[in-house]
Amino acid sequence: MSNSIKISPSILSADFSKLGSEVVALEKAGADYIHIDVMDGHFVPNLTIGPEVIKKLRPLTKKTFDVHLMISPVDNFVKEFANAGADIITFHPEATSNISNTINLIRKENKKVGISLKPNSRINLIENHLDKIDLVLIMSVEPGFGGQKFMPEVLEKTKLLKDLIEKKNLKVDIEIDGGINFENCSLAKKAGANILVSGSTIFNENKGDLKKNIEILRKN
Ligand code: DX5
Ligand code: ZN
């Protein structure tokens, strides 16, 4: 089980003045993916980075760019993020007027498709699309900021989703994002998550020892 766990560090907690070397350091430290949080100050009350920055980071690593779009409406930007170098493009169902259409736009760019559920967003929003996507990103905090407290109530939803994916015989990854630390990571895995996003734990614990922190999250 633990072998199949992937760690996707969120660069939201990195030092933005040296983002390039932070990404290289994450690769060296054993990150599986690089989680990139894109916020528009409209869908969520914060602003982060856009496609230009991703384009500049792209040549620095071959690691999967796991791009979490918290922007609305999302469709207008799919192509730009694909061209910038995203490998997985994850959107929120509330950020589009037509979920199938957004899935198709991402597929057309040959990128993996993820859909993200905010803590209060229910599985039935995406149930009919599960066979057309690669990943569900369960938010365990309200999207918008790093360093928030994990919401244990999303574990039940994670379990239900895992059961549903198995019942339908699908191969859809479950990623969990927000407030993941050395204690709750095992609960998230037990509930069915196989990709863990972590920003503040990876960048701040053990004096910022990225390798050690990634290892602990993987093993705990
Ligand atoms: C929140 C972001 C998360 C966040 C994770 O909107 O989607 O990816 O940066 O950071 P931590 O691990 O600090 O909660
Ligand atoms: Zn995220």
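One-based numbering, in listed order, for ligands and for the atoms of each.
- Rounding to the nearest 0.5 Å places CG of Leu164 at 9.0 Å from CD1 of Ile174.
- The CZ atom of Phe182 sits 8.5 Å away from atom NZ of Lys212, with the distance rounded to the nearest 0.5 Å.
- The closest donor-acceptor contact from the side chain of Asn184 to the backbone of Gly179 lies under 3.5 Å.
- Remark: Tyr33 OH to Leu26 CG distance equals 15.5 Å, nearest 0.5 Å.
- With Gly179, Ser140, Ser13 as candidates, the residue nearest to atom 14 (O) of ligand 1 on a non-hydrogen basis is Gly179.
- The closest protein non-hydrogen atom to atom 5 (C) of ligand 1 is Asp177 OD1, 3.5 Å.
- Each of the atoms 8 (O) of ligand 1 lies under 4.0 Å from some heavy atom of Val197.
- Contacts of Ser200 with ligand 1, taken as heavy-atom pairs under 4.0 Å, involve both backbone and side chain.
- Looking at Asp66 and Thr64, their side chains never bring a donor and an acceptor atom within 3.5 Å of each other.
- For Phe145, the closest heavy-atom approach to ligand 1 falls below 4.0 Å.
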Starting from the C-alpha separation in whole Å, work towards a yes-or-no answer on side-chain contact (heavy atoms from CB on, under 4.5 Å) for Ile7 and Ile5.
CA-CA 7 Å; Ile7 306 296; Ile5 298 293; 4.0 Å; yes
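- Nearest N, O or S atom of Asp177 to the Zn ion (ligand 2): atom OD2.
- For atom 6 (O) of ligand 1, the nearest non-hydrogen atom of the protein is Gly144 N, 2.8 Å.
- Here the angle at the Zn ion (ligand 2) defined by OD1 in Asp37 and ND1 in His68 stands at 90°, rounded to 10 degrees.
- Under a 4.0 angstrom heavy-atom cut-off, Thr201 registers as lying outside contact with ligand 1.
- The residues Lys79 and Glu109 are annotated as salt-bridged, a charged nitrogen and a carboxylate oxygen being separated by less than 4.0 angstrom.
- Remark: minimum distance from atom 12 (O) of ligand 1 to any protein heavy atom is reached at Gly199 N, 2.8 Å.
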